[in-house]
Structures are given as structure tokens and as C-alpha cells.
There are 2 protein chains.
Amino acid sequence: MIKLRDLEYLTAIDEHKHFGKAAQACFVSQPTLSGQLMKLEQQLGLQLVERHRRNVMLTPAGEQLVKEARKVLQAAGEFESCAKALLDPFAGDLHLGLIPTLAPYLLPHIMADLNTTLPNINFFLHENQTKVLLQQLDEGKLDVLILPYLAEMEKFESYQLFDEPLMLATPKNHPLATKKSLSLADLHGEKILTLADGHCLKDQAMGYCFAAGAKEDNSFQATSLETLRHMVASGMGITLLPALAAQGNLASDTLHYGKFQAPVPIRGISLVIRPNYSRMQCVRAIVASVRKSLSDIIT
Amino acid sequence: MIKLRDLEYLTAIDEHKHFGKAAQACFVSQPTLSGQLMKLEQQLGLQLVERHRRNVMLTPAGEQLVKEARKVLQAAGEFESCAKALLDPFAGDLHLGLIPTLAPYLLPHIMADLNTTLPNINFFLHENQTKVLLQQLDEGKLDVLILPYLAEMEKFESYQLFDEPLMLATPKNHPLATKKSLSLADLHGEKILTLADGHCLKDQAMGYCFAAGAKEDNSFQATSLETLRHMVASGMGITLLPALAAQGNLASDTLHYGKFQAPVPIRGISLVIRPNYSRMQCVRAIVASVRKSLSDIIT
DNA sequence: TTAATTGATAGGCTTTAACTATGATTAAGT
DNA sequence: ACTTAATCATAGTTAAAGCCTATCAATTAA
């Protein structure tokens, strides 16, 4: 029978391509890892690793088995975290993934409540783009995501948390800044500053803009919301900002945030987990806590 | 770190509810299993088993962890069979599932060719109803299914093998037996004998019959195709039989098999596997072999 | 040529999973 | 009520497996 430790050694070799480093990562000596890996190869009757003088490579068979090995280790990890959750459903480590256009603006509003209602949970925060987060969630590296819901997430389980309106950020002296009643149609013909590709906010915001007959300003793409905000402030254009990112800066000297009349552009923020995730009690507590925290802020 | 052997012990206890039997199933002595399980409980800090003198029960925590344990063991099993397949892609055990209305009539036509093209594969044949087969395929107990494709199989991967026409089985002296040109519409108003519930052939056949305005004969349900055939032969009614089941009995004294004009009622027989099943080379060989075997028989 | 890097080998220690034999507790039979 | 059978736990022992340190051999870089 295969041993889980051997599979760890194999995946470590794949990650480090180096026996010494891999051994260190597994907290064993290099001869131990070397020996166990050889034993595994012998047991399977397959060569998994090509030992070259200067760099270690996996054979095709090795590549394929590493994938299987990871699945086994992931299942084993879920067994263990499930056991931990059974010990105390409201304790343990929890890795939370958020996107960059949400994390810095949302976390201040929710973390205090979360730490109060779940005092024994250690929250680890991970900031990344949607695609990466979903991948990591699937791999079990993350436990919970909070991000705008998209159709591609239907294979996961999700809980609607709140709708975040998008607001129009303009320089103070922009004609649209003084308009009494602002609607999406007013964007017709405008050029809109956007985030870099890969940020889902860009796609969502531009979706609304294109529908209203606005165009993307292709001369520049901001790499963060803060950059974008400063570009607007310095008069380089206008853009859509999520409400949480606009909060607290409404009275800026140079910036104006305009609220849209109905239909208000929004992004629906959801909490996403793997189906059958073992710590549902914890998830429900998080959903409830976040909804409560947000109910005061998002009207 | 959890050990795979411990997980086997746990699942064995779940299956047998008896330490001695479970130990036997794992090929170890009872004290060994007893001790290891206790150590596991200690390690997790959870009681998994309620030891009553007369019957052993799993605790709720145990029930939940058994589910996780099975997932781990399944993944480990896939690792091992993947390794075996890499050693020789065309060798090893292969568990093939078929439905009862297909197996006895199809297997004689395909097994000889399969054994010739894949001489080092040991085919284990499993006969069961669709629902059970899909469950077992998902659990990894089966490798390959051959059955009529239904929409509920879309989460699996499937390969169309052949279309099997349905024929009208009547007693020789039945009016429809002598009709020159037979079409589904001729079933209008007829009462059709059927198989018991659970057989997918029943649903498919009756689908065609209902559409043609025929009704189900509710006074009796046959538990096998052979029973059904004999009922028709003894003049109790008419029914639809798959072409393979009709073959070789066309010239019976008492039975008549009628071929339908277009649109011919059919059932589409497919080969179904888990997505990412590790032995695709083998699967492709099977698909090719079966298609070839059938090409002579189904016109 | 020398020094450094890297994986393999050797020998020894420790842990542990396995066994057999036996004990303790309960359920059922006489 | 006593005995027998069944069943899981305990005790003590053994064999194997995994790990360590120390060292070797091969290759690369200086």
C-alpha cells in the first residue's frame, strides 16, 4: 500500500526540482527523501524522476502521477480539517480569498465583527484576481472566497452577501459632477478610464459603460483602484468605482462621486465555497456576520 | 500525519460494524485493528466508534469522517491504478458495468474481439440497473459502463457506440405481425407489456409508445426481458424489444419481431467513464473494438 | 586542479505496526 | 443463577520501516 508521506515527497520534488530543497520542505534529511522516493519507484516499477547532474526532471509517468498524488493529498487534507472542524466547529485556521478591488475597502468593515463572532478562528487573508482565487479554492489552498458572483462559479456553492453599487468618479469640475440626476445614459459618448485586464471589475464596469454607449480609454490601464482614483483626481478622465472604494472620500477636494439613478449599476458580492465543504457551521456564521456588518453601510 | 491504513480500518468498521470481521477484511488481527483505531481516535481527539458489547456503532463524527476517508482511499486507489496503467496501458483489471437488458445480448458479440485486442486486460462484468452503475462508476468501483445514454450522464464522459433499434414483439397470430409496413403510429390504442420499474428500457420504450398513443398494460410487469419475451410468446400482449435481444429468435414458432419504418425507435448505446479517467488508451481501444464488432450486426 | 554542489550509499537508532495470548464484560442458553 | 459464547481491550514481543548522521561519487564552476 502506498504511503501518504511518499506522495508528499514526490510532490515536493516536483515543486523544487531539487532533492535537498524538497527534503527541507518536508522536514526530513536529503538521504531520507532520496531513499523513500527510490523505494516508491521500485514499488511502482516506474521511474518517476530523471536525475541529471544539474537539474532534476520528472518523467512523463512522474508528471502524471504527481497529479494523482496531489488529489490524494488534498483529500487527506480535507479529512484532517474535517476532523478539526468536528472537534470545535468554530475554531482553526481559515483561508479567505478576496479580490484586490474589494479587499482593502471591505475588510475594515467586516473583520472586527468576524473576530468577535468567531474568536477562535484564525483568518488568513489572500488577495488575488478571481481566476487565481477560484483555482486555489478548488485546490483546497483557500477555504472561502468573497468576490463578485460570476456565472463561471456555478460549480461552487455561493451565498449572496450584498449588492455593491458602482459610482461615477469624476474630477470636481467635470460637467457630470454637477448634474442633479445622474443615469447610466449620461455616459453616452464618454471615454472611461479602466483597470488592467484580469480585474473582474474592469469587465463589469465596462459592461455597463458599453451598454450606455461609452468607450474605453485605451491610452492607459491602471493596475490598482488607487491609481485609478488618482488619475481621475488629476483630471485625466472619469471611471466607475465600487461604492465601498468611494466611501470616506466623498468630500475630496478634487474628486466627485456620483450616485446613479435607477437602474443603478451594481456588482453582487457573494461568498463562495467548495460544494460539501466540511465547515458549514463556520461558513453560515461568516455569511451572517458579513451581512450584518454591511447592512449599516450599504443602503 | 494520517495513515491510509488507518482510514481503511475505519471504513472496514463502518462496513462490518464488528471489530473481528473488519480486521479479517483488512487481513490483520483484531487487536491490531482495535489498537490502531484507538490510536486514530486519540490522534484526532475524537471518538469515532461507540463500542457496545453487542453492536458497534459509529458516532456522528465517525460517520462524517468515514465519508472523507472513502474519498481519500478512492483517490489513493486511482493513484495506484494510474501507476499500473503507466506500466502497461493495456494490462490490468477492468470492471465493466452493463444493464440487464443489454448485457446478455451484447456481450457475446463483443467479448471475443475485446479479449483479442486487449489480451492482458482482465474484464470483470457487472450487471446492474443504470442508477446503481452510475453510482458505482462515480465511487470508482467500476471503470467503464456500457448503457443507453441519458441526459443525467452529462457529468461523465461518454462515447457513442451504436444505435440499437427497438422492434415490435408480437405473437405470431397478432394482426400487427402480418402488416407489411410497420410504423410507430400503428401502436395507437394498443396495450403494451413492460418491464418492472427501474429498468431504463421501460422508460425509453414507453416514451415511444405513449407518443404513439399506446398505453401501458398495468396488470403485469416483467422482471426480465426473457420473462417479457415469454409473456408475449404465450399471447398475453405485445411489447418493444431491443434488436440485440430479438436477434436469433426471429424465426420462433410463436413470436414475431417487427421492424419499424422510419422514424425507427432506437436507444443510443454509449460507453461512459469518469472524466479524466487515467486509462484513456485502454478506453479508446475498447470503443474501437466494440464499434467494429457491432458494425456487422447493427445495420 | 580545486572547491562546491548534489544525489546516492552505509550503518545504526527509534518508532511502530503487527502478531499471539489473555483478560474483561456482556448476552444468551441451560 | 450459572455457564458458555461472543466480542473488544490489554500486555508483551518481534520484525520492519523510516529516519538520522556521516560519507562517498560525480559533476560543475572557478
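Values in this document were obtained by computation on a predicted structure and should not be read as measured data. Residue numbers begin at 1 in each chain, while the letters A, B, ... track the order of the sequences.
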In whole angstrom, what separates [X]'s [atom1] from [N]'s [atom2]?
X       : N      : atom1 : atom2 : result
B:Ile13 : D:dT7  : CD1   : C1'   : 11 Å
A:Leu37 : C:dA8  : CG    : P     : 8 Å
B:Gln43 : C:dT16 : CD    : P     : 10 Å
A:Gln36 : D:dG18 : CD    : P     : 5 Å
B:Phe19 : D:dT10 : CZ    : C1'   : 14 Å
B:Gln24 : D:dA6  : CD    : P     : 14 Å
B:His16 : D:dT7  : NE2   : P     : 13 Å
A:Lys39 : D:dC19 : NZ    : P     : 9 Å

Taking only side-chain N and O atoms of [X], does any of them lie within less than 4.0 angstrom of OP1 or OP2 on [N]?
X       : N      : value
B:Arg51 : C:dT25 : no
A:Lys3  : D:dG18 : yes
A:Ser29 : D:dC19 : no

Output the single nucleotide from [options] whose closest atom is nearest the side chain of [X].
X       : options                : answer
A:His18 : D:dA17, D:dC19, C:dG7  : C:dG7
B:Thr32 : C:dA17, C:dA18, D:dT10 : C:dA18
A:Val28 : C:dT9, D:dC19, C:dG7   : D:dC19

A:His126 versus A:Phe124, closest heavy-atom pair with distance:
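Shortest heavy-atom contact: CD2-O, 3.4 Å.
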Quick one: CZ on B:Phe90 to CG on B:Asn120, what's the gap to the nearest 0.5 Å?
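Answer rounded to 0.5 Å: 10.5 Å.
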So B:Leu114 and B:Phe123, do their side chains get closer than 4.5 Å, heavy atoms only?
yes
Is a side-chain donor or acceptor of A:Gln36 paired with a backbone partner of A:Asp6 at a separation under 3.5 angstrom?
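No.
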Heavy atoms under 4.0 Å, any strand shown: does A:Gln30 hit a base, just sugar-phosphate, or nothing?
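A:Gln30: base contact, heavy atoms under 4.0 Å.
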Using a 4.0 Å heavy-atom cut-off across all strands, classify B:Lys21 as base, sugar-phosphate, or nothing.
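Nothing, no heavy atom under 4.0 Å.
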Could you check A:Tyr9 against B:Ser34 and say which one's nearest nucleotide on DNA chain D is further toward the 5' end?
B:Ser34
Would you kindly compare A:Asp6 and A:Pro31 by the position of their nearest DNA chain D nucleotide and give the one closer to the 5′ end?
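Nearer the 5' end of the strand: A:Asp6.
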Is it true that atom CE of B:Met57 has more than 12 heavy atoms of other residues, nucleotides or ligands lying nearer than 6.0 Å?
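Counting other residues, nucleotides and ligands, CE of B:Met57 stays at 12 neighbours or fewer.
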